[in-house]
Amino acid sequence: MPQSNPRKILIVGGGSIGERHLRCFRDIDNDAEVGLCDVREEIRSQLAQRYGLAKTFADLSEATQQHWDAAVICTPAHLHVAHAVALAEHADALMIEKPLSTSLDDIPRLRGAWAGRVVNIAYVLRVNPLVQAAKQILESGEMGDLLEVVASAGQHFPTFRPAYREIYYTRHETGGGAIQDAATHQFNMVQYLAGDFDWVFCDSGHQALEGVEVEDTVHLTGRTGGGRTMVNASLNQFMAPNETVVRLNCRGGSVKLVFHEQNIGTLRHGDDDWTWNPPAKLERDDLFREQARRFLAAADGQEPVRCTLDEAEHTLKVNLAALKSAGRERVEIA
């Protein structure tokens with residue numbers, strides 16, 4: 001049922017993504033009582049002042065002294081499950097930042113704690129209008145069977161994430177490296193459009209980023225949908241342009257998503273040129289606001305979540321398989 005009283009929303013983790021969620025939930029619901037939990041006093045103080053927060057907490061044991069309508073976990077990935085379980089008796093709905101975790105070991109504990117309730121994993125591309133348009137084209141059957149996905153992405157990380165040397169990114173154990181940080185978005189998007197992965201082979205390496213040793217470049221090959229669709233996905237975090245292009249090559253033609261131009265086009269066999277949709281013209285926060293709206297709608301029982309626990313667990317398996325493969329072996333996805 002829709003919310004009648006001011007909604008109480010807890011943001012756990014005040015890093016860059018936590019602040020973005022805090023800001024976007026405030027934007028879509030000015031009446032919401034948004035609280036912040038973060039172990040760092042300086043961060044709590046800064047964000048409380050910046051956003052006029054009435055309540056901040058130094059740890060979850062403080063935050064769980066009251067009940068929350070919704071909670072958003074934005075801590076490093078290796079802490080996600082523990083924080084989700086701690087909130088299970090103190091929140092009605094849960095959103096967990098990607099990736100779901102860094103290990104499959106504790107996922108059954110998470111499932112048990114949140115069984116039958118609203119849990120969304122924050123793979124924000126699932127609310128991107130380009131991805132939604134591509135999904136509709138594929139499901140309509142107008143382009144025929146999807147035979148191949150080719151995705152290429154990159155950006156200059158020191159420009160867009162200058163603090164990467166000081167955060168979780170520096171270690172695989174905390175969810176760092178290009179595979180778990182950025183390429184996981186690609187993997188989840190491919191899964192959403194083309195079906196679950198059957199197997200993957202991944203070559204990855206540290207090519208350029210200064211101050212870290214984790215991989216900054218990923219080349220993944222695989223198959224999805226029972227072997228029907230071939231996948232080639234590449235990403236790096238050092239190139240100059242901030243560009244992402246995805247091509248969906250179907251039996252009857254192709255679909256191209258140009259994220260940095262916010263456009264999607266189709267080209268059928270026999271056509272002379274691409275047919276383009278009008279550009280989306282979105283600011284980055286617009287996607288996170290839409291994600292927040294969809295999550296709260298799911299919390300109110302008005303629509304299903306955008307990325308389920310099952311789907312996010314499969315993406316986690318792909319992340320782990322890509323890390324294991326590391327240029328050595330093809331890894332089956334059970």
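Numbers here simply count residues along the sequence, with the first being 1.
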Give me the atom names and distance for the closest heavy-atom approach of [X] to [Y].
X	Y	result
His185	Lys98	NE2-CE, 3.3 Å
Cys37	Leu60	SG-N, 3.6 Å
Gly13	Thr75	CA-CG2, 4.1 Å
Asp69	Pro6	OD2-O, 4.1 Å
Leu53	Val34	CD2-O, 3.5 Å
Asn263	Pro279	ND2-CG, 4.0 Å

Reference residue Lys55; test side-chain hydrogen bond (donor to acceptor under 3.5 Å, both in side chains); the match among Glu62, Glu33, Gln66
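With Lys55 as partner, Glu62, Glu33, Gln66 yield a single side-chain hydrogen bond (donor to acceptor under 3.5 Å, both in side chains), made by Gln66.
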Under 6.0 Å from the [atom1] atom of [X], do we count more than 12 heavy atoms belonging to anything else shown?
X	atom1	value
Arg44	CZ	yes
Met239	CE	yes
Glu213	CD	no

Would a hydrophobic clustering, with Ile, Leu, Val, Met, Phe, Trp and Tyr connected at side-chain separations under 4.5 Å, put [X] with [Y]?
X	Y	value
Val255	Met189	yes
Phe288	Val12	no
Val127	Val72	no
Tyr168	Ile121	no
Val150	Leu220	no

Leu248 and Leu257: CA distance, side-chain angles, deciding distance, side chain to side chain contact (heavy atoms under 4.5 Å, CB included) verdict
CA-CA 8 Å; Leu248 308 172; Leu257 294 76; 4.0 Å; yes
[X] (side chain) donor-acceptor with [Y] (main chain) under 3.5 angstrom:
X	Y	result
Asp300	Gln302	no
Gln262	Leu282	yes
Asn120	Phe295	no
His80	Leu100	yes
Glu243	Ala153	no
Arg117	Ala113	yes
Trp114	Val119	no
Gln180	Gly176	yes
His156	Ala240	no
Asp286	Glu283	yes

Candidate pair Ile137 and Ile264, rule side chain to side chain contact (heavy atoms under 4.5 Å, CB included), full reasoning:
CA-CA 11 Å; Ile137 292 170; Ile264 181 171; 4.3 Å; yes
Does the side chain of [X] pick up a donor-acceptor pair with the side chain of [Y] at under 3.5 Å?
X	Y	value
Asp59	Ser61	yes
Glu19	Tyr51	yes
His67	Asp92	yes
Gln237	Asp216	no
Tyr123	Thr184	yes

Which residues satisfy the side-chain contact (heavy atoms from CB on, under 4.5 Å) test with Leu147, sequence neighbours excluded?
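Only Asp145, Arg251 meet the side-chain contact (heavy atoms from CB on, under 4.5 Å) criterion with Leu147.
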Checking Glu42 now: which residues fulfil side chain to side chain donor-acceptor pair (under 3.5 Å) with it, not counting sequence neighbours?
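Partners of Glu42 by the side chain to side chain donor-acceptor pair (under 3.5 Å) criterion, ordered by chain and then number, come out as Gln46.
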Partner residues of Ser254 under the side chain to side chain donor-acceptor pair (under 3.5 Å) criterion, sequence neighbours left out:
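Expected list: Asn249.
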Angle class for the Phe197/His314 ring planes (parallel below 30°, perpendicular above 60°, tilted otherwise)?
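Parallel: the ring planes of Phe197 and His314 meet at under 30°.
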Please work out whether the ring planes of Tyr164 and Phe157 are parallel, tilted or perpendicular, with thresholds of 30° and 60°.
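Plane angle between 30° and 60°, so tilted.
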I would like to know whether Thr315 and Gln191 meet side chain to side chain contact (heavy atoms under 4.5 Å, CB included); could you show each step before the answer?
CA-CA 8 Å; Thr315 308; Gln191 175 188 337; 2.6 Å; yes
In Å, rounded to the nearest 0.5 Å, how long is the span from [atom1] of [X] to [atom2] of [Y]?
X	Y	atom1	atom2	result
Trp199	Arg223	CH2	CZ	6.5 Å
Thr64	Leu10	OG1	CG	9.0 Å
Thr244	Leu235	OG1	CG	7.5 Å
Ile11	Phe57	CD1	CZ	12.0 Å
Ile28	Arg23	CD1	CZ	13.0 Å
Leu36	Ile43	CG	CD1	9.0 Å

Candidate pair Val214 and His172, rule side chain to side chain contact (heavy atoms under 4.5 Å, CB included), full reasoning
CA-CA 7 Å; Val214 291; His172 285 147; 4.1 Å; yes
Please tell me if the side chains of [X] and [Y] come closer than 4.5 Å, counting only heavy atoms from C-beta onward.
X	Y	answer
Asp310	Arg111	yes
Tyr192	Leu125	no
Phe25	Met95	yes
Glu210	Arg165	yes
Leu47	Asp38	no
Ile96	Leu110	yes
Val190	Thr224	yes
Asp181	Arg161	yes

Evaluate the salt bridge (charged side-chain N to carboxylate O under 4.0 Å, His left out) criterion for residues Glu311 and Arg126: first the C-alpha distance (whole Å), next the side-chain angles of each, then the deciding distance (0.1 Å), finally the verdict.
CA-CA 12 Å; Glu311 292 169 320; Arg126 292 201 176 207; 3.0 Å; yes
Result of checking Val212, Val218, Thr217 against Glu215 for side-chain contact (heavy atoms from CB on, under 4.5 Å)
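Result for side-chain contact (heavy atoms from CB on, under 4.5 Å) with Glu215: Val218.
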